[in-house]
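Working notes, structure below.
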Amino acid sequence: MDELTSLVADKTKIPASAVSNILALIQDGATIPFIARYRKEATGGASEEQLRAFGEAYAFSQRLLVRKADILRLIQERGRLDPDLRNKVQAARTMTELEDLYRPYKEKKSTRAGQALAQGLEPLADILQKASLTAGEFQARGMDFVGKEVADGDQAVQGAQDIIAERFSDDPRERKILREQMLGQGVLEVKKGKEFDPQAGYALHAQAREKVCSIPSHRYLAIMRGVREKQLRVKVTIDEDRFLDNVFKHNIPRQAKSSEQYLRTAYQDGFKRLLFPSVEREIHAQLKEQADRQAISVFGRNLGQLLMTPPVSGQVLMGVDPAYRTGCKLAVIDAQGKLLDYAVIYPTAPQKDYQGAKKTVLDVVQRHGIQAVAIGNGTASRETQEFFAALNRESGCKLKYTVVSEAGASVYSASKLGQKEYPKLDVTVRGAVSIAQRLRDPMAELIKIDPKSLGIGQYQHDVDQKLLEHKLHETIEDLVNQVGVDINSASAALLGYVSGLGPKLAHNIVSWRKEQGAFLSKKDLLRVKGLGPKAFEQCAGFVRIRDGRDVLDNTGIHPESYTAATRLRAKYEPHQLGQGELAAVAEELGIGVQTLQDIVFELQKPGFDPRQEVPATPFRDDIRDIEALREGEVVSGVVRSIVDFGAFVDIGLKNDGLIHISELSLRRIAHPMEVLSVNQYLPRIRVLTVDAGKGRVSLSLKEEARG
């Protein structure tokens, strides 16, 4: 086993044989979705999530090996590399361990110790470190170094102390001990900053004390935002006296003489001036990385749950983009997403043209047979819902509606993609179209918008932006391929996320479709410009042809397995195969057992969409008023956003209510996502408190759980 395979196996706990297989597949150009879905036998059935973690471990291991080689070369060039150090470097398993080993040999910018070394004071530092002289004897030895570079004995002694201080700070063992102590027992102390403003939102953090090992990620990000804005200042504290006592105990010789006082001073200086500030910066970097990953993980899961919202298919829909002065924009789309009509109504202030709005809506509903309405949740959403509720009561049309997050609709409306898709529409009407499309097929519409504009992230502007973008792209890619894409109706934006394609090939597929007509077979993809055998191998299993020549083209069965699937259908009833028969049948067909299981599943459910297993979008036809809401009342709602401290739920009011994490479950949970998902419908929620003046409502699921 080579070192790279060994490192990856250690970090992922994936067997070395599977590691080698995965590495070979990746190096051959295979994508993570393809490997996870169609190479299960080679990977031991690793999931997309496990393979993504594998990808991170692989990239890290490559960086680690490159850095090891660089460090060994640099130390060798300085003539300081001995067999023991070489072995330690080669055995290092983390970048921190590696950099600690290199630190004593690293060229530094001008430092006090560097100047002392240049002045020839290293022999004096060696004498001091042994502490075998009295204070007077050591001072006398210091006089031996007075000359052109050293003005007097005091400067010589100080230089020797500076060298000892830097040696101490650079010692890998000391750095490891302090790092572990700061992570294990350290406390993050927060104080008011120079520009502290009690109204700026940081008052709760101003005198906080949190253990480094347990501070929640969202709180750390909030505190550090305050630090950047100079509202707060922070420091990590430990029991410094105890730490230094241990330093003296282990670093000062037992038979030390009175020059020990100089040595103690050197260690204290090394600790306070060099070691502690350096490790404190490392701790903050580690906390920031952990907080970033946690926030990005929450964002990714929120996005995943949002994209997996079930589509409202087979219906004519109306999208409504609410507004006051400029009116509510309406857009009507058919079951395939084609724009049928659009209009503007003015049911809200200042016009309050209820009758005119009513006439327009009823006319549009009658002409197009509209079956459901999606209302954006932005400005004037509450008043627009009130209009439709009144319309239902007075006209008896029973027009069901639901509230859809309109976050990012304006971004899409003004984007080049929005302009390209609807070049003749006003930017405001494009927003209404987007709202309607979000109800028809949330995934297909929302992938057109930068996820950071969807209003589901937590501290998204505070985290590592490259890491965030990478994670969100992976989330979308995995889910698009999990669901599958209709090759004859998907937009280029959606096709671009299909395994093996990308924007250019996606555009070529759409162009071919426009010129040649619908794809009738997956093999037709090979006629698309630039789409060769490798891209076909990677994408073919994830596209669907609803009414093609072969029913297998409407499944997730890969064309490479069509022969096996056809033989299976001809000889067996797939749904009647027992677990005990799978191994024998798989061997007969020349495929793996896991591949056979997937084929059987697909044959039982051609055209299966995993979003069908998620509860459908809830609709309503009336409105709730916060003034009439009472504590203890039971309401229903839809989860709109999940954060570390709870979930925001739409219960039909202007503002979403909050279920704090402590009110989510009777059992202790670490994160709201253990029990909730974005767009989840909650049929019974208890109202805890109502603040009508501020428009705030706190909610609970605990009482209903007891019932």
Side-chain angles (χ1 to χ4, degrees), residues 3-4 6-7 60-131 145 149-150 156-183 243-244 246-247 250-253 262-263 265-286 289:
E3 189 175 4
L4 179 60
S6 173
L7 280 169
F60 167 80
S61 299
Q62 284 184 310
R63 292 195 303 273
L64 187 69
L65 291 180
V66 169
R67 185 60 177 154
K68 281 185 181 184
D70 285 344
I71 286 174
L72 289 172
R73 175 181 56 80
L74 291 167
I75 299 176
Q76 178 73 54
E77 289 173 355
R78 293 175 177 80
R80 306 284 297 277
L81 186 62
D82 58 41
D84 181 57
L85 179 57
R86 180 186 292 277
N87 291 337
K88 287 179 179 178
V89 169
Q90 290 177 333
R93 281 294 191 261
T94 69
M95 203 65 80
T96 299
E97 183 182 0
L98 192 58
E99 295 299 336
D100 279 354
L101 289 168
Y102 177 51
R103 191 179 184 89
Y105 310 96
K106 189 175 182 179
E107 283 190 4
K108 300 179 178 67
K109 295 179 181 178
S110 180
T111 65
R112 283 162 47 175
Q115 292 173 357
L117 288 169
Q119 292 165 351
L121 293 171
E122 187 168 21
L124 186 61
D126 293 338
I127 293 169
L128 175 59
Q129 196 145 27
K130 295 175 183 176
F145 292 85
E149 297 291 332
V150 181
V157 170
Q158 182 62 61
Q161 289 178 310
D162 290 340
I163 292 171
I164 297 296
E166 188 167 277
R167 283 179 184 173
F168 169 68
S169 173
D170 287 347
D171 188 293
R173 176 177 172 276
E174 299 296 349
R175 297 185 71 83
K176 182 180 180 182
I177 292 171
L178 179 58
R179 189 182 295 117
E180 290 176 350
Q181 186 161 339
M182 291 176 79
L183 286 171
F243 182 85
L244 283 169
N246 282 323
V247 168
H250 290 97
N251 290 280
I252 295 179
Y262 293 112
L263 189 55
T265 301
Y267 284 134
Q268 286 176 322
D269 175 54
F271 173 77
K272 292 181 179 294
R273 179 171 59 87
L274 300 173
L275 178 60
F276 190 91
S278 174
V279 176
E280 184 180 29
R281 286 192 295 271
E282 287 184 18
I283 298 302
H284 276 295
Q286 184 171 332
E289 182 180 357

What pair of heavy atoms forms the shortest contact from Leu81 to Ile75, and how long is it?
-> N-CG2, 3.6 Å
Derivation and outcome, side chain to side chain contact (heavy atoms under 4.5 Å, CB included), residues Val247 and Phe271 | CA-CA 10 Å; Val247 168; Phe271 173 77; 5.9 Å; no
If you take all heavy atoms of Gly159 and Leu121, which pair is closest and at what distance?
-> CA-CD1, 3.8 Å
Calculate, to the nearest 0.5 Å, the distance between atoms CZ and CG belonging to Arg63 and Asp70 respectively.
-> 13.5 Å
Minimum heavy-atom distance Lys68-Val89, with the two atoms named | CE-O, 3.3 Å
Counting only heavy atoms not in Glu77, do more than 12 sit closer than 6.0 Å to its CD atom?
-> yes
Do you know the tightest heavy-atom contact between Pro253 and Leu263?
-> CD-CD2, 4.4 Å
Roughly how far apart are Leu117 CG and Ile163 CD1, rounded to 0.5 Å?
-> 4.0 Å
Do you know the tightest heavy-atom contact between Leu7 and Ser61?
-> CB-OG, 3.5 Å
Trace of the side chain to side chain contact (heavy atoms under 4.5 Å, CB included) decision for Leu128 with Leu124 | CA-CA 6 Å; Leu128 175 59; Leu124 186 61; 5.9 Å; no
Take Asp126 and Lys130 through the salt bridge (charged side-chain N to carboxylate O under 4.0 Å, His left out) test and state the conclusion after the steps.
-> CA-CA 7 Å; Asp126 293 338; Lys130 295 175 183 176; over 6 Å; no
Do Ile177 and His250 have side-chain heavy atoms sitting under 4.5 Å apart?
-> no
Set of residues satisfying ring-ring contact (aromatic ring centres under 6.0 Å, His included) with respect to Tyr267, sequence neighbours excluded | Phe168
Given side chains that start at C-beta, do those of Met182 and Glu282 come closer than 4.5 Å, heavy atoms only?
-> no
Between CD of Gln158 and CZ of Arg112, what distance do you get to the nearest 0.5 Å?
-> 5.5 Å
Of Arg179, Lys176, Arg173, which meets side chain to side chain donor-acceptor pair (under 3.5 Å) against Asp100?
-> Arg179
Out of curiosity, Phe145 CZ to Gln119 CD, how far, rounded to the nearest 0.5 Å?
-> 11.5 Å
Would you check, one step at a time, whether the test side chain to side chain contact (heavy atoms under 4.5 Å, CB included) holds for Asn251 with Glu174?
-> CA-CA 10 Å; Asn251 290 280; Glu174 299 296 349; 3.0 Å; yes
Go through the steps for Asp170 and Leu274 under the test side chain to side chain contact (heavy atoms under 4.5 Å, CB included), then give the verdict.
-> CA-CA 9 Å; Asp170 287 347; Leu274 300 173; over 6 Å; no
Answer yes if the side chains of Thr111 and Glu166 hold a donor-acceptor pair under 3.5 Å, and no otherwise.
-> yes
Spatial distance of atom OH (Tyr102) from atom CG (Leu85) [nearest 0.5 Å] | 11.5 Å
Name all residues meeting the salt bridge (Lys or Arg N to Asp or Glu O under 4.0 Å) criterion together with Arg93; count only those two or more places apart in sequence or in a different chain, and write none if there are none.
-> Asp10
Rounding to 0.5 Å, atoms CZ (Arg103) and NZ (Lys108) come to a distance of 6.5 Å
Glu280 meets the salt bridge (Lys or Arg N to Asp or Glu O under 4.0 Å) criterion, sequence neighbours left out, with none
Decide, yes or no, whether a salt bridge links Arg167 with Asp171 under the criterion of side-chain N to carboxylate O below 4.0 Å.
-> no
Any donor-acceptor N/O pair, Asp269 side chain to Thr265 backbone, under 3.5 Å | no
Any chance the side chains of Arg175 and Thr96 put a donor and an acceptor closer than 3.5 Å?
-> no
Arg273 side chain reached by Asp162 side chain, heavy atoms, under 4.5 Å = yes
Is there a side-chain contact between Ile71 and Lys106 (heavy atoms, below 4.5 Å)?
-> no
How close do Phe276 and Leu178 get, heavy atom to heavy atom, and via which atoms?
-> CA-CD2, 3.9 Å
Under 3.5 Å donor-acceptor, Gln161 side chain and Tyr262 backbone = yes
